[in-house]
Amino acid sequence: MKKLLVLLFSFVLVFTLAACNSSSSTSSEETKPKEDKKDEPVTLRIAWWGSQPRHDYTLKIIEMYQEKYPNVKIEAEYAAWDDYWKKLAPQAAANELPDIIQMDLSYFSQYAQNDQIADLSKYVGKEINTKDISDNVMDGGKVGDKLYGINTGVNVVGFHYDPALLKKAGVDSIDENWTWDDYKEIATKAKDAGLFIDTGMKADVFFNYYLRTQGKSLYSKDGTTLGYKDDKMFEEFFNMTAGLVKDKAVPTPDYLAQLKGLEDSPLVTNSGIGVYQWSNQFVGLQQVANRELAIAPMPGPDSDKGLYLKPAMFWSVGNNSENKEEAAKFIDFMINDIEANKLNLGDRGVPGSSVVKDALKPLLSPAQVQVFDYVDWAEGNSSAFDGPDPVGAGQVIETLDSLSEQMAYGNLSVKDAAKQFRQQAESVLSQNKK
């Protein structure tokens, strides 16, 4: 009996030890991948649009990140605006979007609602630190209650010009409260001096601004129709822009189509006084022009109703990405790393992080100070942002751009263009009705 008990005890002891060893081994196997995962090789694709200066500094930021995290390899895909979206669309259709995507408001809702970009909410406070970014800035990246993009900063539209060329046209300065009538008067003087006043206005951006000054907007709040009922607003704005082309105060579409980049801009070549564009584009323009430029607000009346702080763009993550956490970590680096932002210096918008802004202030060039100051001024002289463009906005904008070009050529009357735009745009937007 004693022998039986000893044998039984020995068996239980051996079994218990084996079980413990098995448990220990399993635990070790489970934790090992987690430990190794830190250094596991990861390849991320990142895509953005922009001009050469943006390409150059973004590539340097990528190098900085790869030096800090040697296990991460980042493959860059970049292009000019039009080519960028032409390439991104088929990638989205094939479920092959880059891991990290620079996303614009015009396409943001479409990609979000098509489930092509990921909800980043679960990465906030973990992989992505947002404690120094205001809710207003963060909310710009939401569609409904989901966060589909991290705002890279804010921008404001304005008139970027050469004060010396303005004086050549016989105008000493642009008043902060200038009007569309003032603008047209300066355009006439510019033409008489052998100069262009500007290179035209991107149809959707500046028509929307014009509508906002009158309490309307390009899209309705629910995104199912246009946001204005009276086509006279369309006619007023585009009679002005097409008229300036006809009067040769603004270049023709043919002329503009031949421009290969910033270096060919009439402002850069001393043949045009200025350009209408977003504040984040000012520094690059001045670098290429290599002379002192200035920023004026948009013409009024009621420019404070028309202006708004626009999310410059977003960093989004492709929903097809197999490395979403790693992509989120890189986005955190882009928005929070001081050294990375020293290279960026507000090109993608005045940063949302208060810590980053404070760190950059002593380093800003005079041109960058002008941008930060203009955005600060706009905070007190603007109205609420309307939110991301609705699904279908990309198609609506293409339609408006095409009609704007036909009006500029004189091949289509403004009145007919207004009717065509309403018909075609509302046909697209009506698909958003539930």
Worksheet item: Passes ring-ring contact (aromatic ring centres under 6.0 Å, His included), F234 versus Y228? Steps please.
Response: CA-CA 9 Å; F234 183 105; Y228 65 98; 7.2 Å; no
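- To the nearest 0.5 Å, atoms NZ (K184) and CH2 (W180) are separated by 9.5 Å.
- Qualifying salt bridge (charged side-chain N to carboxylate O under 4.0 Å, His left out) partners for D99, counting only residues two or more places apart in sequence or in other chains: none.
- Under the side-chain contact (heavy atoms from CB on, under 4.5 Å) criterion, V288 pairs with L262, E263, V268, sequence neighbours left out.
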Just list the side-chain donor-acceptor pairs under 3.5 Å for residues 304-312, sequence neighbours left out, or say none.
none

Practice prompt. Evaluate the criterion side chain to side chain contact (heavy atoms under 4.5 Å, CB included) for residue pair I100 and I331; output intermediate values, then yes/no.
Written response: CA-CA 8 Å; I100 305 154; I331 291 174; 4.2 Å; yes
Item to complete: List the steps, then state whether side chain to side chain contact (heavy atoms under 4.5 Å, CB included) holds for F282 with Y374.
Response: CA-CA 11 Å; F282 180 75; Y374 180 58; over 6 Å; no
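- For residues 339-350, every residue pair satisfying the salt bridge (charged side-chain N to carboxylate O under 4.0 Å, His left out) rule, not counting sequence neighbours, is listed here: R54-D347, E339-K342.
- Taken to the nearest 0.5 Å, the CG atom of L59 stands 9.5 Å off from the CD1 atom of I46.
- A search for salt bridge (charged side-chain N to carboxylate O under 4.0 Å, His left out) contacts involving E398 returns nothing, not counting sequence neighbours.
- Side-chain contact between F314 and I150: absent, with no pair of heavy atoms (C-beta onward) separated by less than 4.5 Å.
- In this structure, the separation between CG on L211 and OG on S217 is 7.0 Å, given to the nearest 0.5 Å.
- D181 and T179 are not linked by any side-chain donor-acceptor pair at a separation below 3.5 angstrom, with hydrogens and angles left out of the test.
- F159 pairs with exactly one of Y183, Y276, W278 by the ring-ring contact (aromatic ring centres under 6.0 Å, His included) rule, that one being Y276.
- Among residues two or more places apart in sequence or in another chain, the salt bridge (charged side-chain N to carboxylate O under 4.0 Å, His left out) test is passed with K202 by D204, D401.
- The two residues T43 and N323 make their nearest non-hydrogen contact at O-ND2, 3.8 Å.
- By the 4.0 Å N-to-carboxylate-O rule, K216 lies too far from D230 to be salt-bridged with it.
- From N432, atom CG reaches atom CD of Q110 across 10.0 Å, with rounding to the nearest 0.5 Å.
- Between Y409 and D254, the closest side-chain pair of non-hydrogen atoms falls below 4.5 Å.
- Residues L97 and Q116 come closest through the heavy atom pair CD1-O, 3.3 Å.
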Discussion item. V157 vs Q277, test: side chain to side chain contact (heavy atoms under 4.5 Å, CB included). Steps then yes/no.
Written reply: CA-CA 6 Å; V157 288; Q277 60 183 14; over 6 Å; no
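- Checked against the 6.0 Å centroid criterion, the rings of F196 and Y255 qualify as a close aromatic pair.
- Here ring pair (Phe, Tyr, Trp, His ring centres under 6.0 Å) pairs that include residues 114-154, with residues two or more places apart or in two chains, number zero.
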Practice prompt. I would like to know whether M240 and Y210 meet side chain to side chain contact (heavy atoms under 4.5 Å, CB included); could you show each step before the answer?
Written response: CA-CA 12 Å; M240 177 183 69; Y210 184 77; 5.7 Å; no
For residues 423-430, dump all side-chain donor-acceptor pairs below 3.5 Å to protein atoms at least two apart in sequence or in another chain.
from : atom 1 : to   : atom 2 : distance (Å)
E426 : OE2    : L226 : N      : 3.1
E426 : OE2    : R422 : NH1    : 3.2
S430 : OG     : E426 : O      : 3.2
S430 : OG     : S427 : O      : 2.8

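- Listed by first and then second residue, the salt bridge (charged side-chain N to carboxylate O under 4.0 Å, His left out) pairs that reach into residues 144-166 are D162-R291, sequence neighbours excluded.
- Taking 4.0 Å as the cut-off between side-chain N and carboxylate O, K329 and D332 do not count as a salt-bridged pair.
- Between V275 and S265, the shortest heavy-atom distance links the atoms CG1-OG, 4.2 Å.
- Within the structure, salt bridge (charged side-chain N to carboxylate O under 4.0 Å, His left out) contacts touching residues 355-368 (residues at least two apart or in different chains) are D358-K361.
- Nearest heavy atom pair, residue F108 against residue G141, reads CZ-O, 3.2 Å.
- Put simply, the side chain of D416 never gets that close to the backbone of L412: no donor and acceptor are under 3.5 Å apart.
- Taking CG of L267 as the reference point, atom CD of Q286 lies at 10.0 Å (rounded to 0.5 Å).
- By the ring pair (Phe, Tyr, Trp, His ring centres under 6.0 Å) test, Y219 is found to be paired with no residue, residues two or more places apart in sequence or in another chain being considered.
- For the residue pair L88 and P98, the shortest heavy atom distance occurs at CD1-CD, 4.0 Å.
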Discussion item. Evaluate W85 against Y107 for ring-ring contact (aromatic ring centres under 6.0 Å, His included), listing each step before the verdict.
Written reply: CA-CA 9 Å; W85 296 107; Y107 296 90; 4.1 Å; yes
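- Inter-residue side-chain proximity for S303 and W178 is flagged as unmet; no heavy-atom pair is nearer than 4.5 Å.
- Across Y65 and I74, no two heavy atoms sit closer than the pair CD2-CD1, 3.7 Å.
- A distance-only check finds a donor-acceptor pair linking the side chain of S279 to the backbone of V156 [under 3.5 Å].
- Using the six-membered ring where Trp is involved, W49 and W81 have ring planes that are perpendicular, over 60° apart on the 30 and 60° scheme.
- A donor-acceptor pair is defined here as one N or O able to donate and one able to accept, closer than 3.5 Å; such a pair exists between the side chain of S109 and the backbone of D389.
- The backbone N or O of M138 lies less than 3.5 Å from no partner atom in the side chain of N151, so there is not a single donor-acceptor pair.
- Atom-to-atom distance recorded for M334:CE and N336:CG is 11.5 Å, nearest 0.5 angstrom.
- Here the side chains of P266 and T199 are in contact, with some heavy-atom distance below 4.5 Å.
- Side-chain contact between F330 and V72 is absent, with no heavy atoms from C-beta onward closer than 4.5 Å.
- Residues K324 and N319 form a side-chain contact, since some pair of their non-hydrogen atoms from C-beta on lies under 4.5 Å apart.
- Side-chain polar atoms of D104 and S106 form a donor-acceptor pair below 3.5 angstrom.
- Taking the side chain as every heavy atom from C-beta outward, D198 and I273 never approach each other to under 4.5 Å.
- Counted within 6.0 Å of CD on Q66, heavy atoms from surrounding residues, nucleotides or ligands total more than 12; the atom is thus considered enclosed.
- With hydrogens and angles disregarded, a donor-acceptor distance shorter than 3.5 Å links the side chain of S365 to the backbone of Q368.
- With sequence neighbours excluded, the residues forming a salt bridge (charged side-chain N to carboxylate O under 4.0 Å, His left out) with E235 are K415, listed by chain and number.
- The shortest side-chain heavy-atom distance between F333 and K68 falls under the 4.5 Å cut-off.
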